[in-house]
Engineer: 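Pasting a structure below so you can have a look.
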Amino acid sequence: MYSEKTPHDASVVTDETMIEMRDVHKWFGQFHVLKGIDLTVYKGERIVICGPSGSGKSTLIRCINHLETHQRGQIIIDGTELSEDLKDIERVRSEVGMVFQHFNLFPHLTVLENLSLAPVWVRGMPRRDAEKVAREYLERVRIPEQADKYPGQLSGGQQQRVAIARSLCMGPRIMLFDEPTSALDPEMIKEVLDVMVELAEEGMTMLCITHEMGFARTVANRVIFMDEGEIVEENAPSEFFDNPRHERTKLFLSQIL
Amino acid sequence: MTQPSQRSLVVKPPRASVGVIGWLRQNLFSSALNTVFTLLAGYFLYVSIPPLIQWALLDADWIGDSRNDCTGEGACWVFIATRFKQFMYGFYPDTEQWRVNAAFLVLACLTAPLFVERFRYKMSLGLAIICGYPFLGYILFYGGFLGLPEVETYLWGGLMLTLVLAGIGIVLALPFGVLLALGRRSKMPVVRAASVTYIEIWRGVPLITVLFMSSVMLPLFFPEGVTLDKLLRALIGIVLFQSAYMAEVVRGGLQAIPRGQYEAAEALGLSYWKNMTLVILPQALKIVIPGIVNTFIALFKDTTLVLIIGLFDLLGIVQQAFADPDWLGFSVEGYVFSGLVFWLFCYGMSRYSQTLERRLHTGHAP
């Protein structure tokens with residue numbers, strides 16, 4: 001349902017480490033959400049994470065930009081280790097873009113203001129420059145004509161594309177997607193996935209939670225399956241879908257495909 | 001060219017549902033019970049309104065300078081007219097009253113652009129006024145600078161005092177309230193506990209008690225020789241008291257903002273204060289505009305309580321005039337007048353808040 005172009009595979013993936021997670025644990029109260037996650041993501045990798053709800057996949061990527069705090073283990077993002085130091089957290093956050101299931105655009109600001117807010121107030125970019133960058137990204141997500149509207153006036157698909165553009169305006173080195181198409185009407189999913197495919201083609205390091213298995217097959221170079229707070233299986237998409245090794249993976253795939 | 005198919009689409013609504021007759025039938029006489037209510041209400045209006053107009057306008061006396069100019073059939077507005085200056089300025093010296101007028105005129109001119117929708121620098125102008133005007137206001141009202149003689153605050157009174165108390169109260173209670181609301185939702189236990197304690201203590205005490213304490217008890221704790229102006233003490237009391245109320249109003253707005261908004265702003269790298277001032281508060285305050293204005297209106301009317309510590313606000317000075325032997329027995333006119341003035345200001349605030357709500361509406365919530 002999206003373009004058939006495939007990112008020029010291994011060529012964009014380098015051996016430069018972008019994300020390094022070592023034995024990461026996290027509890028919500030007594031509930032053990034993440035049970036020792038080890039994960040290394042290289043620059044240019046596109047990783048799709050899937051798994052049943054409550055498996056901890058959302059928590060995992062939210063730990064990467066410290067929206068959730070891990071309680072044990074290490075997370076190193078592009079050379080910066082996440083600790084309680086606010087400076088480090090803010091630096092990591094300005095390098096890591098995040099797209100949410102429910103878009104989370106700022107309803108009181110126009111599309112253009114949504115996009116230029118962080119470049120102006122976090123990067124200290126002059127407003128004029130920030131708006132110029134914002135318009136370029138709106139062009140890239142193919143809605144330049146909506147710049148002066150408010151988010152409430154846009155469709156879901158348009159809002160999600162604005163949200164992607166908003167993250168890109170900060171020039172992130174890593175993009176996190178938390179079920180970016182789950183809240184969309186079916187006819188709007190394609191327009192969002194198309195933008196994400198383009199992003200992948202440009203060599204962006206991406207972690208994406210999604211159940212769009214077609215997207216995973218063509219875009220990802222690794223698929224990770226999580227269940228009950230653990231990474232159960234990870235493999236190249238063709239292997240993952242055609243030869244799942246683990247029973248739990250087989251069960252999950254049989255339920256969603 | 002005739003297009004019968006299109007013409008036939010235009011069907012007029014039934015006559016009984018449009019126009020004056022339709023409106024009346026729908027809204028006033030839709031059922032037997034409603035007809036009874038309509039007739040009762042009509043009778044009540046017929047009984048009360050004409051005599052009121054007769055008393056307040058037709059039979060009223062407007063011109064003169066003593067009670068002898070009043071016939072006594074209607075309202076004696078001569079009482080208000082002769083006392084008007086005092087009701088406006090209190091005991092502020094006649095020769096210096098231009099300063100009060102000038103101060104309010106300057107403020108009106110400065111704030112006027114804030115009400116113009118197309119004016120682009122509202123934020124900067126607003127901040128400039130809040131930072132700069134207190135100095136100008138102090139110089140004009142109190143004096144002691146630039147050759148202006150000092151006018152002690154015990155001479156201040158009437159509408160001018162009401163506006164000073166309410167104005168400063170409103171301008172200060174809102175930011176303090178916002179800080180307290182943020183404090184109450186803080187992740188830091190000490191900040192949260194301090195905010196909760198503050199809010200619960202001040203909200204639990206009547207304003208009269210606060211004013212009384214500020215006027216009578218507070219000076220007992222000051223070291224010898226240190227005095228604090230009575231008006232200033234009352235003001236501090238009002239601001240501390242109202243900011244607790246404001247905090248709870250603002251907290252309601254903060255709670256209405258979905259978690260996703262906080263997270264989206266955090267994920268973009270905005271620090272806590274930038275997140276609050278750029279993303280959360282603009283939305284939260286917009287939601288609670290009705291509550292904020294409600295608190296402002298309450299504050300405006302609560303300023304009348306300063307009477308008990310010997311400050312004469314508008315209502316206080318009107319009541320004080322009833323005791324004048326030359327004007328005994330005109331309290332109704334006095335109360336009607338001061339009530340009308342209070343109503344004008346409060347209604348103005350209410351109307352402005354509705355305009356603001358409409359203007360800030362940006363489509364649907366996230």
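Note that the structure is a prediction, hence the values are computed from the model and not measured. Residue numbering restarts at 1 for every chain, and letters A, B, ... go by the order of the sequence lines.
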Engineer: Answer yes or no: does atom CZ of F176(B) have more than 12 heavy-atom neighbours from other residues, nucleotides or ligands under 6.0 Å?
Structural biologist: no

Engineer: Counting heavy atoms not belonging to F28(A), are there more than 12 under 6.0 Å from its CZ?
Structural biologist: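 More than 12 within 6.0 Å, yes.
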
Engineer: If you draw a 6.0 Å radius around CZ in R127(A), do more than 12 non-hydrogen atoms from other residues or ligands fall strictly inside?
Structural biologist: no

Engineer: Verify the neighbour count for atom CZ of R259(B): are there more than 12 heavy atoms of other residues, nucleotides or ligands below 6.0 Å?
Structural biologist: no

Engineer: Is it true that atom CZ of F104(B) has more than 12 heavy atoms of other residues, nucleotides or ligands lying nearer than 6.0 Å?
Structural biologist: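 Yes, the 6.0 Å shell around CZ holds more than 12 heavy atoms from other groups.
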
Engineer: Output the distance between atom NE2 (H108(A)) and atom CG (L360(B)), rounded to the nearest 0.5 Å.
Structural biologist: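 The CG atom of L360(B) is 10.5 Å from NE2 of H108(A), to the nearest 0.5 Å.
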
Engineer: Non-hydrogen atoms of chain B under 4.5 Å away: do they reach the side chain of F106(A), the backbone, both or neither?
Structural biologist: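 Contact with chain B: backbone and side chain both.
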
Engineer: What's the separation between atom CD in E263(B) and atom CE in M98(A), rounded to the nearest 0.5 Å?
Structural biologist: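 Answer for the CD-CE pair, E263(B) versus M98(A), is 7.5 Å.
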
Engineer: Nearest 0.5 angstrom please: L268(B) CG to M170(A) CE, how far?
Structural biologist: 6.5 Å

Engineer: Minimum heavy-atom separation for A264(B) and N104(A), please, with both atom names.
Structural biologist: CB-O, 3.4 Å

Engineer: For a quick test of reading the model, state the closest non-hydrogen atom pair linking G269(B) to E90(A) and the distance between them.
Structural biologist: O-CG, 4.0 Å

Engineer: Is there side-chain contact between P258(B) and H102(A), with heavy atoms separated by less than 4.5 Å?
Structural biologist: no

Engineer: So which bits of residues 110-119 of chain A come within less than 4.5 Å of chain B, counting non-hydrogen atoms only?
Structural biologist: L117(A), A118(A)

Engineer: Donor-acceptor pairs under 3.5 angstrom involving side-chain atoms of residues 137-147 of chain A: please list them, not counting sequence neighbours.
Structural biologist:
| residue | atom | partner | partner atom | Å |
| --- | --- | --- | --- | --- |
| R140(A) | NH2 | E202(A) | OE1 | 2.7 |
| R140(A) | NH2 | E202(A) | OE2 | 3.3 |
| R142(A) | NH1 | E198(A) | OE2 | 2.8 |
| R142(A) | NH2 | E198(A) | OE2 | 3.4 |
| Q146(A) | OE1 | K149(A) | NZ | 3.0 |

Engineer: Got a second to check how far L278(B)'s CG is from W121(A)'s CH2, nearest 0.5 Å?
Structural biologist: 5.5 Å

Engineer: So does K301(B) have more than 12 non-hydrogen atoms from other groups sitting under 6.0 Å from NZ?
Structural biologist: no

Engineer: For R166(A), is it the side chain, the backbone, both or neither that has a heavy atom under 4.5 Å from a heavy atom of chain B?
Structural biologist: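 Interface part for R166(A): both.
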
Engineer: Below 4.5 Å from any heavy atom of chain B, which atoms of V96(A) appear? Answer side chain, backbone, both or neither.
Structural biologist: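 The backbone, not the side chain.
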
